[in-house]
Amino acid sequence: MQLLKNMTQSAIVLGLFAVIGTGLVADIFDQTKQRIADNERASVLRNLHQLIPPDRHDNDLFNDTTTIYDARLGTNQAITVYRARIKAKPVAAIIGAIAPDGYSGAIKLLVAINYNGTLAGVRVVQHKETPGLGDRVDIERSSWILGFNGKSLNNPTENKWRVKRDGGVFDQLTGATITPRAIVKAVRNSLIYFNQHRDRLFDTVDPKDKNE
Amino acid sequence: MNNFSQIFRDGMWKSNVAFVQLLGLCPLLAVTNTVINGLGLGLATTLTLISSNVVVSMVRNFIRPEIRIPVFVLVIASVVTAIELAMNAWFHDMYKILGIFIPLIVTNCAIIARAESFASKNNVARSFADGLFMGLGFTCVLILLGALREGLGFGTLFQQAHLMFGEAARGLQITLISDYQGFLLAILPPGAFFGLGLLIAGKNIIDKRREAKQQVMASAAVAEATK
């Protein structure tokens, strides 16, 4: 009898702690939810604005997106494309492409392509490359990534869209060839995709809605 | 009062979480590639230690011994989740860098060890002090190791301080050696092991010297007394 009483007591105390703990976490989640969403939005916009400055668009860059699926962009998952417009006219698209063959796994990129097909810029947003070697593709570490600015699918020509070691025009990084090679390839694939699907990319009707 | 200085000495030096108890090494080794990262994780851990110690100490008389461990786990998990959400809200960039290591504070054995071995046997004030000094002791090691690795690896100190203190803190960065090529090993995980090993060895040397000094003094006192 005593044992049963002790067990019930313990169960109640444990249950009480679970309820209080969960309640506390739920309350804090509720109070920080908006702030965290704002932070994430600000952090994405900061990346996007490095490529397409605020004066080059007047639309809501964060929400004017479409999703695409194409294995050439480095993943079978959905890829987000942000679209910059001025007075509803397309200015540029920013493709969240992935270079799947980095030295230490996938490298997440933002590839900004002007409507006329030239590159507005490229940024690495997430990578696991070696510190001090491959991580120089990050704008915080070196200006290597700026070498893409102004390039397009035909400038340089196809067999020059490589790092210098492979006979192309893009610098490799001392001690790290694999990382730049992966990024050059991914950027070129993004350009190919853009050229083939340009007008659909800027379509304001979401392809998902079309089917409905 | 004497009691609190004892707690202070235990936390900062004598039973330092990282140097002596060797607890919580996984986050310690993983995030200490810069001073600021170390500081960020250290403060988050300290906050967790204080909160969990205080709560555990407050409820220590209502909990049957059989269920104390699950209760501690619940308390620690709630506290860490709350801190994680708060950090995501107010130190978003820092949160992105420390990433997985914030929720993993839950698994830092130092926290449940302090709850079990100290907070569950002591009053709230002493448990608070224990959490504070154990946490600060841990933070100091994180900062020291961060400084060692960042200095050797990047040739700087306090880089990316703006992640924690806002844009104004960008100027805090100190460049020790300009045009430094970097020493990769220090930044990679093995560098953390080497660094921690050296720091622990350093602490042991200091302890040995002190002990020797005390012995000399003690024997001198004995000699004095027998004269």
Side-chain angles (χ1 to χ4, degrees), chain A residues 2-47 103-104 108 125-136 138-142 173-176, chain B residues 33-34 51-52 55-56 58-59 61-97 99 103 149-150 152-155 159-160 162-163 167 170 180-189 191:
Chain A
Q2 183 62 35
L3 180 73
L4 195 68
K5 203 182 143 210
N6 285 351
M7 277 169 66
T8 330
Q9 215 180 19
S10 297
I12 292 172
V13 170
L14 207 52
L16 216 63
F17 268 93
V19 169
I20 296 173
T22 317
L24 180 84
V25 169
D27 182 53
I28 292 178
F29 173 75
D30 205 48
Q31 289 189 26
T32 51
K33 197 168 51 182
Q34 190 54 43
R35 241 195 127 86
I36 291 173
D38 290 348
N39 280 340
E40 270 155 17
R41 182 191 153 92
S43 150
V44 170
L45 271 179
R46 211 180 316 143
N47 278 331
Y103 188 69
S104 329
K108 280 195 183 171
V125 287
Q126 203 189 332
H127 71 87
K128 296 196 276 293
E129 301 305 294
T130 321
L133 297 173
D135 77 338
R136 273 175 291 164
D138 193 329
I139 188 78
E140 296 269 332
R141 297 258 177 261
S142 89
L173 297 163
T174 319
Chain B
N33 44 10
T34 68
S51 321
S52 81
V55 175
V56 165
M58 275 190 323
V59 301
N61 294 325
F62 312 111
I63 308 292
R64 303 186 62 78
E66 300 84 34
I67 55 160
R68 67 180 195 288
I69 298 291
V71 168
F72 295 167
V73 172
L74 267 172
V75 168
I76 295 168
S78 310
V79 167
V80 171
T81 314
I83 288 174
E84 186 199 350
L85 286 168
M87 248 185 121
N88 194 347
W90 283 282
F91 296 102
H92 189 68
D93 292 316
M94 188 82 203
Y95 172 81
K96 277 203 302 197
I97 288 189
R149 292 177 67 194
E150 188 183 336
L152 281 175
F154 297 109
Q159 60 163 287
Q160 296 183 308
H162 64 283
L163 296 184
E167 283 303 315
R170 259 184 207 276
Y180 185 56
Q181 287 302 308
F183 179 49
L184 189 54
L185 182 67
I187 310 161
L188 294 178

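Predicted model, so just to flag it, every value in this text is computed and none were measured. Lettering of chains follows the sequences in order, A, B, ..., and the numbering in each one begins at 1.
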### Query
Are B:H92 and A:E40 side-chain neighbours, meaning at least one heavy-atom pair lies under 4.5 Å?
yes
### Candidates A:V25, A:I28, A:L24, A:T22 - the one meeting side chain to side chain contact (heavy atoms under 4.5 Å, CB included) with B:T81
A:V25
### Message
Contact between A:R46 and B:D93 at the side-chain level, heavy atoms closer than 4.5 Å - yes or no?
### Response
yes
#### Entry: Heavy-atom pair with the smallest gap, counting every atom of B:L74 and A:L14
CD1-O, 4.0 Å
### Query
What heavy-atom pair brings B:S78 and A:G21 nearest, and what distance separates the two atoms?
OG-CA, 3.4 Å
### Query
Do B:R64 and A:N6 have side-chain heavy atoms sitting under 4.5 Å apart?
yes
### Where A:R35 and B:A89 come nearest, the two heavy atoms and their spacing
NE-O, 3.1 Å
### Message
Would you compute the distance between atom CD1 of A:I36 and atom CH2 of B:W90 and round it to the nearest 0.5 angstrom?
### Response
8.5 Å
### Task
Starting from the C-alpha separation in whole Å, work towards a yes-or-no answer on side chain to side chain contact (heavy atoms under 4.5 Å, CB included) for A:T32 and B:M87.
CA-CA 10 Å; A:T32 51; B:M87 248 185 121; over 6 Å; no
### Task
With the side chain counted from C-beta on, respond yes when B:I67 and A:F17 share a heavy-atom pair under 4.5 Å apart, and no when they do not.
no
#### Entry: Side chain, backbone, both or neither of B:V79 within contact of chain A (heavy atoms, under 4.5 Å)
neither
### Query
Is it the side chain or the backbone of B:I187 that comes within 4.5 Å of chain A heavy atoms, both, or neither?
side chain
### Query
Contact part of A:I20 toward chain B, heavy-atom cut-off under 4.5 Å: side chain, backbone, both or neither?
neither
### Message
Between B:F154 and chain A, with a heavy-atom cut-off of 4.5 Å, which part of the residue counts as in contact: side chain, backbone, both or neither?
### Response
side chain
### Query
For B:K96, does the NZ atom sit with more than 12 other heavy atoms under 6.0 Å from it, leaving out its own atoms?
yes
